[in-house]
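Lettering follows sequence order; numbering is per chain, from 1.
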There are 2 protein chains.
Amino acid sequence: MTIEAFERTLELAVLLREEMERRLAADGLTPARAQVLRELGGRGPLQQRELAATLEVSARNITGLVDGLAATGFVTREPHPDDRRATLVTLTARGTAAVRAMADGRAEAAAALFAGLAPQRLAAYTADLDVLLGNLRKA
Amino acid sequence: MTIEAFERTLELAVLLREEMERRLAADGLTPARAQVLRELGGRGPLQQRELAATLEVSARNITGLVDGLAATGFVTREPHPDDRRATLVTLTARGTAAVRAMADGRAEAAAALFAGLAPQRLAAYTADLDVLLGNLRKA
DNA sequence: TATTGTTATACTCTATAACTATA
DNA sequence: TATAGTTATAGAGTATAACAATA
């Protein structure tokens, strides 16, 4: 019964997304803006051009996301030292704290999600996901 | 390593959502509009009020979704026989065909997703998801 | 008075196209 | 000429609040 498993997988995806959005909203963030912060947290200051390429999104869209993050104090636009056309999107102290809080929240959510699943089952589940991810990437 | 399993689960959720959206877009539908069609397909004509309650979304939002579906020929607004305030959102022939196509597409996507997973693994995976769903609903 | 659905307004995410400043 | 980012414009999903028609 692949349909049964499929429906359940979709439901998990929906609930998980809602849960993550709730957590972000509590920090004053949206999913798209949070993704920008995560990139900056992992790679340091980035040009908008680089953010657009990484998130696979239009340059216009990045302008809006950075506008929002700047207005709420998570990032600043700094001049690029070598290219006066470019800006370097840079985390503020608040932005850095948010990145850390998101990572902590993720670990906490992970522990809560898999609570009560025996280590063997967890390992089997992870291996199964690899198969599914492989199938999805082929399609 | 719950984090590992968690990240993989999130990635599956994202890829699955993208895949489903691609399929819907090919039929000229968006996820929110498709959800309206699915409800109508399963339950017959519904008042907008009922759709709002089912999708857990504002009445204003339903107005917009039904506007879009009506403009693209998937549904019509029929007068409610007993209540002149209400409208009955009703599938057209095109809407009915889209519901059927979506169900077929879902079965096909399910088969493709779980290809290569032995029946025992599939059953174990489904059981594991039950645990995860239970944990999520508690939170 | 309460309910159904609309108009008014607003915010977020997304896109393409035209434009400015700089390379 | 090409690139970085903006303004202009548009569509989709979401929300609250005010309002008209009807119960």
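Between the CD atom of E21(A) and the C1' atom of dA15(D) there is a distance of 14 Å, given to the nearest Å. Taking atom CD on E78(B) and atom C1' on dG5(C), their separation rounds to 16 Å, with Å as the unit. Straight-line distance from the CG atom of L55(B) to the P atom of dT14(D): 8 Å, rounded to whole Å. Remark: P of dC11(C) and CG of L69(A) are 16 Å apart, rounded to the nearest angstrom. Distance, D67(B) CG to dT14(D) P: 14 Å, rounded to whole Å. For Q48(A) and dT3(D), the CD to P distance is 17 Å, given to the nearest whole Å. Between the CD atom of E50(B) and the C1' atom of dG5(C) there is a distance of 14 Å, given to the nearest Å.
Between E11(A) and R137(B) there is a salt bridge, since a side-chain N of the basic residue sits under 4.0 Å from a carboxylate O of the acidic one. Using a 4.0 Å cut-off between a side-chain N of Lys or Arg and a carboxylate O of Asp or Glu, R94(A) and D27(A) do not qualify as a salt bridge.
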Per-nucleotide protein contact string for nucleotides 13-23 of chain C, where B marks a base within reach and S marks sugar-phosphate only (heavy atoms under 4.0 Å, - for neither)
SBBB----BBS
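For the helix from dT1(C)-dA23(D) to dA23(C)-dT1(D), the axis fitted to the five pairs at one end and the axis fitted to the five pairs at the other end meet at an angle of 30° (nearest 10 degrees).
A donor-acceptor pair under 3.5 Å is absent between the side-chain atoms of T87(B) and the main chain of R77(B), judged by distance alone.
No hydrogens or angles considered: a donor-acceptor pair under 3.5 Å links the side chains of T54(A) and R43(A).
Distances shorter than 4.0 Å separate none of the side-chain N or O atoms of Q47(B) from OP1 or OP2 on dT3(C). Taking only side-chain nitrogens and oxygens, R49(B) never comes nearer than 4.0 Å to OP1 or OP2 of dA2(C). The shortest distance between the side-chain N/O atoms of T63(A) and the OP1/OP2 oxygens of dG5(D) is not below 4.0 Å. Residue Q35(B) has no polar side-chain atom (N or O) positioned under 4.0 Å from OP1 or OP2 of dG13(D).
Taking the six-membered ring where the residue is Trp, Y125(B) and Y125(A) present parallel rings, their angle staying beneath 30° rather than reaching 60°.
Minimum interatomic distance between P31(B) and E21(B) (heavy atoms only, all atoms of both residues): CG-CG, 3.7 Å.
Transitive grouping of hydrophobic side chains (ILVMFWY, heavy atoms separated by less than 4.5 Å) brings F114(B) and L12(A) into a common cluster. No chain of hydrophobic side-chain contacts below 4.5 Å, direct or via other Ile, Leu, Val, Met, Phe, Trp or Tyr residues, connects V57(A) to L15(B). Residue V131(B) is grouped with residue L122(A) when hydrophobic side chains (ILVMFWY) are merged at heavy-atom distances under 4.5 angstrom, including chains of intermediate members.
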